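Heavy-atom basis, side chains included; hydrogens, waters and symmetry copies ignored. The model shown is predicted, which means the values in this text are computed figures rather than measured ones.
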Amino acid sequence: MEFEGANFFRQRLILSVVSGKAVKLKKIRHEDSDPGLREYEASFIRLLDKITNGTKIVISTTGTSLLFEPGLLIGGTVEHDCNPQRSIGYYLEALLCLAPFTKHPLHATLSGVTNSQTDLSVDLIKLSSFPVLKKFLGTDEDLDLKIVKRGAAPEGGGEVIFSCPCRQKLRPVQFTDPGKIKRIRGVAWAVRVSPVITNRMVHVARGILNQFLTDIYIYTDSCKGKQSGRSPGFGLTLVAETTNGAFLAAEATSNPKGSTEPPSIPEDIGKQAAHLLLEEIYRGGCVDSSSQSLAVLCMVLGQQDVSKVQTGPLSPYTIQFLRHIRQFLQVMFKVEADKREQMGANGQQLKTGGEKLILTCVGAGYSNISKRVA
């Protein structure tokens, strides 16, 4: 399959590995002053090479064209030094999609930037994406993400250990009623700055969220010494849990060292994170906007049964993912507006935020050929 440009680079390689179809990417930034693949994209290719066996990779001299012929997903114990141009979340999102289908349970040690403004942080992935994956795996045993060291952008220095079990098949999921928000949890982190900053972020965020809910608990994580990476930074990740087990998350991170923007103020970060969480709750759905693509892929790779999930408005990344799934796996989704009305105790219609969508598909019956049947 041939594509042009560097857009949606990860999507194409992930679906190439899953479907077993070779991919050729041409004209990668061929008109830029610095043409070809970036260092973080080369690092991403090396990570895919480490978790597969028999993968053939051919990159042109200028780096503007790539031939990727996927091998078998092996998994096992992997160590990878992620390029600091992108955070560990950039690489971890791909591992979440591929890890359930490896031959051996994946145990990956990733080092680099744990928290940045450009990618999902490791905290948000653990709080938001893990619950989605657990629904399709059917169990949460051995699914873990341990943050050994934190590393803020731009120099990083963080380290995480990601463990995921492998499965022969994923379960079909019917998840169309998120329920109501029952509690909010979060993590306020700070590295190479005063520990008081975490308390300042928490104080402002609680002041906003306490107007709506009382069950709020935000952990503070002030790293010291070797656990604090190489760059100063701080941030806040919040997650709202519903009565039916849906998790909606949002985060805000300080401007990195050397940025053209002025230094961030902890109170502003706390306020921004709280407002972003309220916006995510307004969008609603059973999966938040950062986990939509993972849920969509797991629905497609499930058994030949109907999966149905409610989401808020689809993100541009998810919309393109649906198009790529159709190209690689020949599976199409039925996307329809959720017309169901929620009624209050007095019989009045409740306002439940933005427009909700119901995504429905029949799984492709994807089976992990490397995993032996127990």
Say whether [X] and [Y], considering side chains only, have a donor N or O and an acceptor N or O under 3.5 Å apart.
{"X": "N244", "Y": "T242", "answer": "no"}
{"X": "Q117", "Y": "N255", "answer": "yes"}
{"X": "S289", "Y": "S315", "answer": "no"}
{"X": "S43", "Y": "H80", "answer": "yes"}
{"X": "E159", "Y": "T109", "answer": "no"}

For residues [X] and [Y], report the shortest heavy-atom separation together with the two atoms involved.
{"X": "Q310", "Y": "P178", "value": "OE1-CD, 3.2 Å"}
{"X": "N368", "Y": "C166", "value": "ND2-CB, 4.3 Å"}
{"X": "D144", "Y": "K126", "value": "OD1-NZ, 4.4 Å"}
{"X": "F234", "Y": "P266", "value": "CE1-CA, 3.8 Å"}
{"X": "C82", "Y": "I88", "value": "SG-CG1, 4.2 Å"}
{"X": "T243", "Y": "G179", "value": "OG1-CA, 3.4 Å"}

- Item | Residue among R206, K182, R185 satisfying salt bridge (charged side-chain N to carboxylate O under 4.0 Å, His left out) with D215 | R185
- Message: By the definition salt bridge (charged side-chain N to carboxylate O under 4.0 Å, His left out), identify the one residue from K26, K27, R12, K24 that meets it with E2.
- Response: K26
Grouping I, L, V, M, F, W and Y whenever their side-chain heavy atoms are under 4.5 Å apart, do [X] and [Y] come out in a common cluster?
{"X": "V239", "Y": "V122", "value": "no"}
{"X": "L127", "Y": "L143", "value": "no"}
{"X": "V335", "Y": "M332", "value": "no"}
{"X": "L92", "Y": "Y317", "value": "no"}
{"X": "L66", "Y": "Y40", "value": "yes"}

- Applying ring pair (Phe, Tyr, Trp, His ring centres under 6.0 Å), name anything that partners F321, two or more places apart in sequence or on another chain. none
- Note on the structure: Residues at least two apart in sequence or cross-chain that pass ring pair (Phe, Tyr, Trp, His ring centres under 6.0 Å) with F136, listed by chain then number, are none
Using salt bridge (Lys or Arg N to Asp or Glu O under 4.0 Å) as the criterion, list what pairs up with [X], not counting sequence neighbours.
{"X": "K257", "answer": "E155"}
{"X": "R183", "answer": "E241"}
{"X": "R10", "answer": "E93"}

Is the closest side-chain heavy-atom distance between [X] and [Y] below 4.5 Å?
{"X": "H30", "Y": "P35", "result": "no"}
{"X": "L15", "Y": "V23", "result": "no"}
{"X": "N83", "Y": "Y91", "result": "yes"}

- Query: Aromatic rings F8 and H324: how do their planes relate, parallel, tilted or perpendicular, breaks at 30° and 60°?
  - Reply: perpendicular
- Query: Do the ring planes of Y366 and F101 sit parallel (below 30°), tilted (30 to 60°) or perpendicular (above 60°)?
  - Reply: perpendicular
- Is a side-chain donor or acceptor of R283 paired with a backbone partner of D288 at a separation under 3.5 angstrom? no
- Item | D119 side-chain N/O to S87 backbone N/O, donor-acceptor pair under 3.5 Å | yes
- Quick check: are there more than 12 heavy atoms from other residues, nucleotides or ligands sitting under 6.0 Å from CD of E79? no
- So does K50 have more than 12 non-hydrogen atoms from other groups sitting under 6.0 Å from NZ? yes
Result block: side-chain N/O donor-acceptor pairs under 3.5 angstrom for residues 218-227, not counting sequence neighbours:
from : atom 1 : to   : atom 2 : distance (Å)
D221 : OD2    : R150 : NE     : 2.8
D221 : OD2    : R150 : NH2    : 3.3

- Residue among V191, V148, V160 satisfying side-chain contact (heavy atoms from CB on, under 4.5 Å) with T114: V160
- For the atom pair CG (L238) and CG (L124), what is the distance rounded to the nearest 0.5 Å? 9.5 Å
- Message: Working to the nearest 0.5 angstrom, can you tell me the gap between L98 CG and T102 OG1?
- Response: 9.0 Å
